[in-house]
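Position 1 is the first residue of the sequence, and the numbers go up from there.
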Amino acid sequence: MDRFWLKNYPKGVPADIDYNQYKSLVELLEEAFRKHGSLPAYEFMGAEMTYRQLDQYSAAVAAWLQSRGFGKGKRVAIMMPNVMQYPVVLAGVLRAGCTVVNVNPLYTPRELEHQLKDSGSEAIFILENFASVFQQVADKVPTKVAVICAMGDMLGFLKGLLVNFVVRNVKKMVPEFSLPSAVRWNEVVADGMKMNLKPVEVGHEDVAFLQYTGGTTGVSKGATLTHRNIIANMLQSEAWYQPALSKLKPGEYPLTVTALPLYHIFALTVCAMMSMRIGGKCLLIANPRDIPGFVKELSKHTFHVFPAVNTLFNGLLNNEEFKKLNFSRLILSAGGGMAVQQAVAERWLKVTGCPIAEGYGLSETSPVATANRTDTDKFTGTIGLPVPSTEIAILDDNGSKLPVGQVGEIAIRGPQVMAGYWNRPDETAKVMTADGFFRSGDVGVMDQEGYTKIVDRKKDMILVSGFNVYPNEVEGVVASHPGVLECAVVGVPDDNSGEAVKLFVVKKDAALTEKELMEFCKEHLTGYKKPKYIEFRADLPKTNVGKILRRELRDEKKAA
C-alpha cells in the first residue's frame, strides 16, 4: 500500500518501528527496573515508588500468584482505579506469565459477572471500595482467588492508617462486604517477598491483556492484545511524540499526569508503558472528576505530559485555579477517546501554551492508530496521520478500498491490531478483512495529505429525510457557543423526516435560552442538520473515562 502520508511526517519521526527490540513486555519492564532503579516511577497522594521498589513489589505479587498455581496464560482481573497497587499488580501479573483482565471499577454486578465469566478470570485484585459488587457475583464466576486492597496500603504506615480511616469511616466510601476466603494486600506482599519468582518464557504472540470494549455495540467483548501489540503501540507512540519529547532537558525525566484510568487502554499504553520505556514518573489521580482536588494536586508539580479526553480538558479550563498553574514544562498534551472540539483546543493552547495533539484509536488497536503532529499548534479538526508502521484504508460497504476524498469505513492495519476477540471467532471475522485490516465501525474520509477526518460512528449517524447528519459536526458547532458547557446530539424518531436531531445541553451561562441557541444553530448549520429539539440538562451520562454516552440518551428516548 502506498503510504503517501509519510511525506508529511515531522522531522525525526521514523516511517517504521522495530517491535523486535523486546521479546515481551516483561523484558521491557525488567529493562526499566535495571536502567531507572533509583528514579521515581509512580506517585500517589504524596507517596512515591521508585522503579526498584516496583521491581520488588511486583516480583512478590508474581511469586505469590505462582505459589497459588497461576502460570502462563491464566487470566487475572484487576478492578482498581489509579491507586499505587495498580501498576504493581499489572507488572506482577505479566511477570508471572499471566494475562491481565482490566475491569472498570464502576461496573455493576451484571457487567462484572459477564466479564469475569467471559474472560475466565480465576483471580481478582480489587480495591475494597468495590468488594461488595464482587461479593454479589462471587459464587457465579470462576474467580476463586480474591485479593482485597485498600487505598492507603502503600502510602507508608501512619499515612496509610489515616487514609484508610478517612476513606472507610469519614467519607464512608467502602460499602460493607463479606468475602471470608479473600486475602488482604499486605499479606500477599509479605508472603511474596519470602518467595522466589520463577522466570516464565513469554513471547510476542502470548496474550498480555484482555481489554474489554465499552460495549457500545452490544455485549462487551474482550480484545485480545498480545505482548507484540502493546510493545508496538508503545514504541509507535514514543516515536510519534519524539518532536515533543526532544524538548526534555538533559537529565530531565517527564512527569506524566495520569488522570485517565490505567485500566483504559489509552492510559495503559501512553502513561504506564511509555513512561517505563523513558524513565518517567506517572502522577496517579484516582478521581479526576473532583476538579478542585485534581488542580490542587497539579499545583504541587512540574508536569510534562498530559493525556486527557475532551471533557477533562474542558472541565479543567472552567476552573479558575487551573489557569494559575505553572505550564512552563508542559511539552505534550495528547487528546484521545473522543473528538477534541476546536473551541476546547483553542482555549487549552491559550491557557497552557501547549497544543493538544489529537489522536485516534480503539481498544482493538492497543489503541493508537493515528495522531496529529506534535510540532505544530495548528488545530486540524482531523485525527491526524497514521502513526509509524500503520496503514489506514477507507472501505466501502463491500470492503473495497475507496479513493482519497471519499467517505467510508476507517480500517487499520499494523502490528498494534489485536489478535481477535477473545473466544469470538464469529465477531472477529466480522471486523477483520482477508488482508489484515481491522474495520473500526467509524466513518471517515482521508485527504490528499493523509489526514483522516472522522465523520462519525456508523450507528450514531442520523438520517433526516435521506440526508446524513453526523452528531460530531453538530456538537462541534454547538460547543463553540460561549454559553454551552457540554452537549450531545442524538437522532429521535420523526413522522415527517424519519429521524430528527435532538440536542442535549449543559449550560455554562444560566441565561442561555432555547431561542438563542436555535438562532445560533440556524446561523451555522444547514436546515436538516439543525436540532429540532433542545433539552437543557444538569449533566450528561458519561463513561468512567469521561466520554459522553449518546447511546444512553438515545435509549432514554425509546423508553419514554
Given P355, which of L332, D377, T376 fulfils the side chain to side chain contact (heavy atoms under 4.5 Å, CB included) condition? D377
Would you check if the side chain of [X] reaches a backbone N or O of [Y] as a donor-acceptor pair within less than 3.5 Å?
X	Y	answer
K507	L512	yes
N472	A339	no
N169	F165	yes
N82	N287	no
T256	C282	no
K323	V351	no
R413	S389	no
S440	I410	yes
T269	F266	no
T365	A369	no

Is it the case that [X] and [Y] place a side-chain donor and acceptor less than 3.5 Å from each other?
X	Y	answer
Y451	N8	no
Q236	N233	yes
R228	Y22	no
Q416	N229	no
N314	T311	no
E346	Q342	yes
Y212	N104	no
E321	S299	no
T380	N372	yes

Only pairs at least two apart or in different chains count here, so list each side chain to side chain donor-acceptor pair (under 3.5 Å) that has a residue in residues 326-337. E252-R329, N326-S328, S333-W348
Any Lys/Arg nitrogen of [X] or [Y] sitting under 4.0 Å from an Asp/Glu carboxylate oxygen of the other?
X	Y	answer
R95	E30	yes
E391	R3	no
R373	E358	no

Closest heavy-atom contact between G336 and V309? O-CG1, 3.1 Å
On the 0 to 90° scale, with breaks at 30° and 60°, tag the H204-Y19 ring pair as parallel, tilted or perpendicular. perpendicular
Taking the six-membered ring for Trp, are F520 and H481 parallel (under 30°), tilted (30 to 60°) or perpendicular (over 60°)? perpendicular
Rounded to the nearest 0.5 angstrom, the CG-CZ distance for L503 and R537 is 11.5 Å
Aromatic contact, Y9 with W240 (centres under 6.0 Å): yes
Could you give the side-chain donor-acceptor pairs of residues 34-43 under 3.5 Å, partners two or more places apart or in another chain?
residue	atom	partner	partner atom	Å
H36	NE2	G279	N	3.4
E43	OE1	K281	NZ	2.7

Against F322, only a single residue in F294, F327, F313 fulfils ring-ring contact (aromatic ring centres under 6.0 Å, His included); can you say which? F327
Flag side-chain contact, heavy atom, 4.5 Å: L225 against S366: yes
